[in-house]
Amino acid sequence: MSERPRPQDFEDDDAESAKTRVTHPRTKRLLVKEGVGQGGCLVCIYTGDATQLGKRFVLTNPTRIGRGEENEIVLEGDSVSRRHCLVEEKDGRWWCNDQRSTNGTYVNDERVMGERRLENGDRVKVGSTIFKYFSGDDVEALYHEEIYRMTIIDGLTGAYLKRYLLEYLDKEIGRARRHERELSLMMFDLDHFKRINDERGHVTGDHVLKEVARIVLGRIRPGDVLARYGGEEFAVVLPETPLEAARILAEVLRTSIENNVFEFQGARIPVTISCGLASFTKGDKTGLELIQRADEKLYVAKRAGRNRVE
């Protein structure tokens with residue numbers, strides 16, 4: 001994966017909508033509470049309910065997660081089983097134990113078969129919700145660092161969030177104008193993604209989005225920026241890149257994704273993308289103007305049959 005540029009401080013209020021949300025059952029508030037605690041904790045870094053992002057759940061032994069109200073952490077959504085998984089302490093270490101859930105529990109994208117010991121920074125995925133596990137003496141510092149990351153990075157794909165994209169693109173437009181440099185923008189989205197979600201479920205859709213982002217991040221330069229613009233639509237900012245070079249990269253990404261084997265829970269999912277490109281002109285005053293022109297080309301590619309670059 002390419003090295004990412006260091007972002008600047010700012011907040012993001014753009015969260016994706018989904019069915020799953022994290023809630024506290026009233027009867028369990030004394031068992032799982034927010035705040036500083038000894039031992040381990042889970043921090044919600046990705047979910048459909050924006051009010052739950054960043055919440056910290058101090059682990060008690062055991063902490064049960066699922067759709068039923070008897071759980072310490074309750075998640076709503078069809079992809080979550082009533083008793084999905086539990087996190088328990090044994091010999092001073094915390095373990096994640098799947099409770100024969102229908103859609104599985106994942107730690108760092110690997111399905112938990114039985115139980116798995118948690119390490120600092122592990123990502124625990126239950127349905128469409130992702131938690132990050134922290135423990136140890138530096139848990140407070142790690143928590144605040146993760147909260148900062150959540151203001152700029154999408155918890156599912158690892159791509160930057162929309163607000164960071166807009167700020168970064170405005171800065172790059174200023175540099176391109178001052179130094180008379182090339183600047184190109186690629187907008188792409190996944191073809192028929194709604195069909196994947198409808199037919200195979202949102203957990204499969206999340207897997208596809210994450211894999212697409214991984215492929216793109218592995219092929220762009222350290223100075224380029226991948227951002228999740230919304231839903232299944234992404235943007236790639238390409239500083240000092242003429243339009244023809246951007247077109248070549250877009251074709252490489254398109255064919256790489258088309259030829260990649262997307263497999264989840266034993267099923268293969270065909271995936272293609274459509275791309276729209278635009279380059280900076282002296283008339284562009286903000287990043288939104290460049291995005292609009294690239295977006296128009298993206299919809300030309302959609303209308304022309306998808307799986308193509310315009």
Side-chain angles (χ1 to χ4, degrees), residues 1 16-22 42 44-48 64-68 71 73 75-88 95-119 121-133 154-159 188-219 228 231-234 253-274 306-307:
M1 182 180 293
E16 302 302 323
S17 61
K19 293 181 179 179
T20 305
R21 66 184 180 88
V22 187
L42 294 176
C44 180
I45 65 170
Y46 183 82
T47 184
R64 296 163 295 181
I65 305 173
R67 201 173 67 246
N71 295 285
I73 301 177
L75 303 181
E76 295 181 357
D78 294 338
S79 57
V80 181
S81 297
R82 183 172 182 83
R83 298 174 181 173
H84 200 103
C85 68
L86 62 83
V87 180
E88 59 183 339
W95 296 73
C96 181
N97 191 320
D98 184 73
Q99 299 293 286
R100 298 181 180 179
S101 62
T102 301
N103 290 299
T105 304
Y106 291 81
V107 174
N108 299 333
D109 299 322
E110 294 182 4
R111 187 162 186 169
V112 176
M113 308 304 292
E115 64 179 8
R116 173 166 168 166
R117 193 175 76 181
L118 294 177
E119 304 291 345
D122 280 352
R123 294 158 60 99
V124 180
K125 192 168 189 290
V126 179
S128 293
T129 298
I130 302 175
F131 299 97
K132 204 161 189 179
Y133 167 75
D154 176 48
L156 176 67
T157 63
F188 72 88
D189 75 1
L190 280 65
D191 299 325
H192 303 297
F193 184 70
K194 185 178 184 299
R195 184 184 302 169
I196 295 175
N197 276 337
D198 290 346
E199 295 180 357
R200 302 177 184 269
H202 288 276
V203 175
T204 302
D206 285 351
H207 172 78
V208 169
L209 288 172
K210 188 180 178 77
E211 280 295 291
V212 167
R214 180 190 62 79
I215 292 170
V216 175
L217 286 169
R219 285 163 174 77
R228 188 176 179 186
E232 70 272 23
E233 188 172 7
F234 293 81
L253 295 178
R254 184 191 65 77
T255 55
S256 296
I257 290 168
E258 182 182 22
N259 294 331
N260 187 72
V261 177
F262 291 84
E263 189 170 355
F264 187 70
Q265 294 184 346
R268 289 195 174 189
I269 307 106
V271 179
T272 61
I273 63 170
S274 298
R306 295 182 169 84
N307 191 23

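This is a predicted model, so every value here is computed, not measured. One-based numbering along the sequence shown.
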TODO: Run the numbers on Val271 and Asn260 for side chain to side chain contact (heavy atoms under 4.5 Å, CB included), then give the verdict.
DONE: CA-CA 8 Å; Val271 179; Asn260 187 72; over 6 Å; no

Residues in salt bridge (Lys or Arg N to Asp or Glu O under 4.0 Å) with [X], at least two apart?
| X | result |
| --- | --- |
| Glu263 | none |
| Glu258 | Arg254 |
| Asp122 | none |
| Arg82 | Glu70 |

- [ ] May I ask you to check whether Thr272 and Asp191 show a side-chain donor-acceptor distance below 3.5 Å?
- [x]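 Result is yes, a qualifying pair exists.
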
Report yes or no: does [X] contribute a side-chain atom to a donor-acceptor pair with the main-chain N or O of [Y] at less than 3.5 Å?
| X | Y | result |
| --- | --- | --- |
| Gln265 | Asn103 | yes |
| Lys194 | Ile196 | no |
| Arg228 | Ala159 | no |
| Arg123 | Gly155 | yes |
| Ser81 | Thr102 | yes |

Open item on the list: Could you measure the distance from the OG1 atom of Thr255 to the CG atom of Leu253? Nearest 0.5 Å is fine.
Closed with: 8.0 Å

TODO: To the nearest 0.5 angstrom, please state how far the CG atom of Asp154 sits from the CZ atom of Phe234.
DONE: 7.0 Å

TODO: Give me the one residue out of Asp98, Asn108, Thr105 that meets side-chain contact (heavy atoms from CB on, under 4.5 Å) with Arg116.
DONE: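 Of all the options given, the one that passes is Asn108.
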
Heavy-atom side-chain contact between [X] and [Y] under 4.5 Å:
| X | Y | answer |
| --- | --- | --- |
| Val124 | Ile65 | no |
| Val87 | Tyr133 | no |
| Arg214 | Asp109 | no |
| Phe262 | Ile215 | yes |
| Lys125 | Leu156 | yes |
| Arg200 | Val208 | no |

TODO: Apply side chain to side chain contact (heavy atoms under 4.5 Å, CB included) to the pair Val112 and Cys85, showing each step before the final yes or no.
DONE: CA-CA 10 Å; Val112 176; Cys85 68; over 6 Å; no

Task: For Phe264, all residues meeting ring pair (Phe, Tyr, Trp, His ring centres under 6.0 Å), sequence neighbours excluded - done: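 Phe264 satisfies ring pair (Phe, Tyr, Trp, His ring centres under 6.0 Å) with Tyr106, His207 only.
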
TODO: Please identify each residue that fulfils side-chain contact (heavy atoms from CB on, under 4.5 Å) with Arg195, with sequence neighbours left out.
DONE: His192, Glu199

